[in-house]
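Scroll down for the structure; my scribbles are underneath it.
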There are 2 protein chains.
Amino acid sequence: MASRTPKWREIAETFAQKIRDREYLPGDQLPQIRELVSQGLGSKTTIMAAYRSLETEGLVVTARGHGTRVRRQYPRQVRRHQTRYGWEKALALKPEVERRGNGVVEQDTGLAHEQVECHAEFNTVPADDRLAQRFGVPPGTLMLHRQYWHSVPGDPIALSLIDSYLVHEVASRNPDLLDSSLEPWPGGTHHQLSTIGIEIDQIQDDISTRLATLHESQHLGIPNGSPVILLDKTSVSTDAEVVEFSHVVLPGERTEISYTVPLERWPGR
Amino acid sequence: MASRTPKWREIAETFAQKIRDREYLPGDQLPQIRELVSQGLGSKTTIMAAYRSLETEGLVVTARGHGTRVRRQYPRQVRRHQTRYGWEKALALKPEVERRGNGVVEQDTGLAHEQVECHAEFNTVPADDRLAQRFGVPPGTLMLHRQYWHSVPGDPIALSLIDSYLVHEVASRNPDLLDSSLEPWPGGTHHQLSTIGIEIDQIQDDISTRLATLHESQHLGIPNGSPVILLDKTSVSTDAEVVEFSHVVLPGERTEISYTVPLERWPGR
DNA sequence: GAGTGGTCTAGACCACTGT
DNA sequence: CAGTGGTCTAGACCACTCC
């Protein structure tokens with residue numbers, strides 16, 4: 001304990017550097033804990049602290065019986081919401097041939113339709129106070145709750161976790177909207193809503209962050225203790241009614257969201 | 001080790017519940033580690049793991065010689081960037097009386113001008129590749145680098161950490177812009193740029209998240225191991241030139257950013 | 001069942017805070 | 001100097017993976 005920085009931090013730093021220098025490549029196994037202990041590098045507790053911090057940083061992944069291995073880094077995915085939302089709305093007016101297999105998920109990931117799987121589960125829940133307030137309906141109003149996640153076949157990790165809500169009475173005007181087996185709906189939410197006479201006028205995004213829950217980190221394939229981005233998306237109709245609300249959980253390390261804000265020109269120039 | 005969930009997790013959960021139930025109030029000291037050890041609740045390592053996880057969750061703060069205490073929760077601050085940017089630009093045209101003491105920081109925090117301190121430090125740096133590419137200038141071009149942070153007097157924590165860049169040659173057209181002692185500039189960046197004949201036409205925000213560095217967590221007063229929001233703000237002039245770029249670090253637990261995206265109406269309805 | 005990470009203990013010693 | 005958290009050790013035993 002001669003130095004100011006803890007020993008476990010120094011050990012972690014050493015391996016972090018080696019990983020960055022590609023001395024260990026993705027998939028490679030780092031020395032076993034017991035091995036480093038017997039080499040006299042430190043006690044098991046100390047080595048474990050070092051390895052754990054590398055895991056939180058997202059550099060390695062540990063599994064019982066499978067060692068501590070260098071993690072594959074996924075690329076960041078940029079979501080340009082200005083473009084995305086406008087494009088998504090315009091799509092709804094296109095013929096079905098074009099709508100089918102051209103969802104925003106495909107846009108996001110740059111993958112073809114066949115390369116994206118959609119998992120959906122629908123149920124009906126009474127609105128709690130927060131939800132009721134958002135929609136301007138009495139608490140307890142029945143809501144259609146749609147849970148989604150998308151994935152690439154063969155890869156178990158989710159691209160995002162989505163909880164979407166609609167007023168059940170409104171959605172049920174087209175019974176097809178209540179059927180989860182019809183997801184993904186060709187043309188997305190805008191087209192779905194157009195079938196019940198609703199046009200979306202504006203979307204409000206509220207963005208925040210927090211540490212992932214254990215469930216989220218496993219499902220999204222991100223390190224335990226790493227952050228997620230929370231996106232609360234509220235869609236307002238041309239009648240100024242809130243018609244849809246989505247709570248989206250995005251993997252922090254793989255997500256970037258971009259907005260372009262146009263400004264009014266100064267007069268006379 | 002009878003149960004599936006680790007003992008340290010259970011201990012942490014117990015105290016987390018007590019804190020939520022306000023059995024311990026903000027500022028209260030939790031039982032000392034040694035005390036819980038002598039009560040036979042677990043070994044020192046186990047108790048420490050429990051307390052550390054409470055710290056990462058942001059429920060408590062620990063300090064050598066000062067015990068483990070329940071943390072005061074700061075309120076979330078909502079930044080409505082659509083409104084904010086438009087308002088900030090409009091302000092630049094107002095008379096100085098109005099501009100002075102009406103910055104966006106005051107808007108964000110809801111505090112009066114006297115209640116916000118601005119700390120600024122300026123220097124000149126050559127553009128690295130990323131910066132050069134953003135501005136469309138050759139790498140090595142001299143840039144004015146302005147570092148800011150704002151705080152409430154008496155409270156050492158920063159509201160945000162800002163690194164702002166301008167092309168030095170452009171900024172130097174008004175020598176006042178190079179003088180950090182003139183910060184905060186009444187009317188903000190838009191007014192500053194207007195003095196050198198620049199009008200900002202649009203702003204692009206790129207949002208991402210990661211865990212705070214040690215320095216950031218200390219400076220922003222957030223738990224070690226908690227996330228920050230990174231906001232990369234690019235201002236484009238009416239001449240379609242990138243004129244300013246800011247890298248903003250925001251405390252994750254206290255920040256929410258909101259955008260409203262208007263959509264084009266469908267024809268004929 | 002061998003390999004490998006995860007939890008836990010008991011106790012020594014370090015480092016910072018405040019009287 | 002007393003109080004209190006932080007680091008470290010050596011070793012026991014648990015739980016999961018893969019052969």
Side-chain angles (χ1 to χ4, degrees), chain A residues 1-15 19 24 27-71 156 214 217-218 221 223-225, chain B residues 1-15 19 24 27-71 156 214 217-218 221 223-225:
Chain A
M1 272 160 286
S3 57
R4 174 70 68 81
T5 61
K7 195 171 178 176
W8 63 265
R9 200 58 205 104
E10 279 180 4
I11 297 172
E13 216 68 73
T14 309
F15 282 104
I19 292 169
Y24 291 102
D28 284 0
Q29 184 172 353
L30 262 55
Q32 299 166 19
I33 294 176
R34 280 166 178 75
E35 195 185 319
L36 293 178
V37 171
S38 68
Q39 279 179 20
L41 196 57
S43 72
K44 184 170 180 183
T45 315
T46 306
I47 311 292
M48 280 231 26
Y51 276 9
R52 180 175 303 234
S53 88
L54 292 175
E55 190 175 17
T56 304
E57 287 173 53
L59 288 174
V60 305
V61 60
T62 65
R64 281 168 166 155
H66 198 232
T68 300
R69 283 154 195 279
V70 178
R71 191 157 169 262
L214 189 58
S217 59
Q218 288 167 351
N224 199 333
Chain B
M1 275 159 283
S3 56
R4 175 70 68 79
T5 61
K7 195 172 177 176
W8 63 265
R9 206 42 211 110
E10 280 179 4
I11 296 172
E13 217 69 71
T14 310
F15 283 104
I19 291 169
Y24 291 103
D28 284 1
Q29 185 173 355
L30 261 54
Q32 298 166 20
I33 294 176
R34 281 165 176 77
E35 194 185 321
L36 294 179
V37 170
S38 67
Q39 279 177 21
L41 196 57
S43 73
K44 184 170 179 183
T45 314
T46 307
I47 310 292
M48 279 231 29
Y51 275 8
R52 180 174 302 232
S53 88
L54 291 175
E55 190 175 17
T56 304
E57 287 173 54
L59 288 174
V60 306
V61 59
T62 65
R64 281 168 166 154
H66 198 231
T68 300
R69 284 156 195 278
V70 178
R71 192 156 168 261
L214 189 58
S217 59
Q218 288 168 350
N224 199 332

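Treat the numbers as computed from the prediction; the structure is a model and nothing was measured. A note on names: the letters A, B, ... follow the listed sequences, proteins ahead of strands, and every chain is numbered from 1.
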Without decimals, in angstroms, what is the distance between [X] [atom1] and [N] [atom2]?
X: I11(A); N: dT9(D); atom1: CD1; atom2: C1'; answer: 12 Å
X: I47(B); N: dG5(D); atom1: CD1; atom2: C1'; answer: 13 Å
X: D28(A); N: dT4(C); atom1: CG; atom2: C1'; answer: 17 Å
X: N224(B); N: dG5(D); atom1: CG; atom2: C1'; answer: 14 Å
X: I33(A); N: dT9(D); atom1: CD1; atom2: C1'; answer: 15 Å
X: L30(A); N: dG5(C); atom1: CG; atom2: P; answer: 9 Å
X: L41(A); N: dA10(D); atom1: CG; atom2: C1'; answer: 16 Å
X: M48(B); N: dA10(C); atom1: CE; atom2: P; answer: 17 Å

Give a yes/no on whether any side-chain N or O of [X] is located under 4.0 angstrom from OP1 or OP2 of [N].
X: S43(B); N: dG11(C); result: no
X: T46(A); N: dT9(D); result: yes
X: T68(B); N: dG5(D); result: yes
X: R52(B); N: dT7(D); result: yes

> Does a distance-only test, which skips hydrogens and angles, find a donor-acceptor pair under 3.5 Å between the side chain of R34(B) and the base of dG3(D)?
Replying inline: no
> With a 3.5 Å cut-off and just heavy-atom distances, do the side chain of K7(A) and the base of dG6(D) make a donor-acceptor pair?
Replying inline: no
> What nucleic acid atoms does T62(A) come within less than 4.0 Å of, heavy atoms only: base, sugar-phosphate, or nothing?
Replying inline: sugar-phosphate
> Just checking R69(B): base, sugar-phosphate only, or nothing, at a heavy-atom cut-off of under 4.0 Å?
Replying inline: nothing
Test of understanding: with side chain to side chain contact (heavy atoms under 4.5 Å, CB included), list the residues that count as partners of [X], not counting sequence neighbours.
X: V61(B); answer: R71(B)
X: S43(A); answer: T45(A), T46(A)
X: Q32(A); answer: Q29(A), E35(A)

> Which nucleotide sits closest to the side chain of W8(A): dT4(C), dT7(D), dT4(D)?
Replying inline: dT7(D)
> Of the nucleotides dG5(C), dT7(C), dG5(D), which one has an atom closest to the side chain of P6(B)?
Replying inline: dT7(C)
>> I'd like to check the salt bridge (Lys or Arg N to Asp or Glu O under 4.0 Å) partners of E57(A); sequence neighbours left out, ordered by chain and number.
In response: R9(A)
>> Taking ring pair (Phe, Tyr, Trp, His ring centres under 6.0 Å) as the definition, give me every residue that meets it alongside Y24(A), ordered by chain and number, with sequence neighbours left out.
In response: none
> What are the two closest non-hydrogen atoms of P223(A) and G58(A), and how far apart are they?
Replying inline: CG-CA, 3.4 Å
>> Looking at every non-hydrogen atom in both residues, tell me the closest pair between F15(A) and P31(A) and how far apart they are.
In response: CE2-CD, 3.7 Å
> In terms of the nearest nucleotide of DNA chain C, which residue is placed more toward the 5' end: K44(A) or V37(B)?
Replying inline: K44(A)
> Hey, does L30(B) have a side-chain heavy atom less than 4.5 Å from the side chain of V70(B)?
Replying inline: yes
Polar-atom pairs under 3.5 Å, protein N or O versus N or O of nucleotides 16-19 of chain C: list them with distances, or write none.
| unit_1 | atom_1 | unit_2 | atom_2 | d |
| --- | --- | --- | --- | --- |
| dT17(C) | O4' | R64(B) | O | 3.2 |

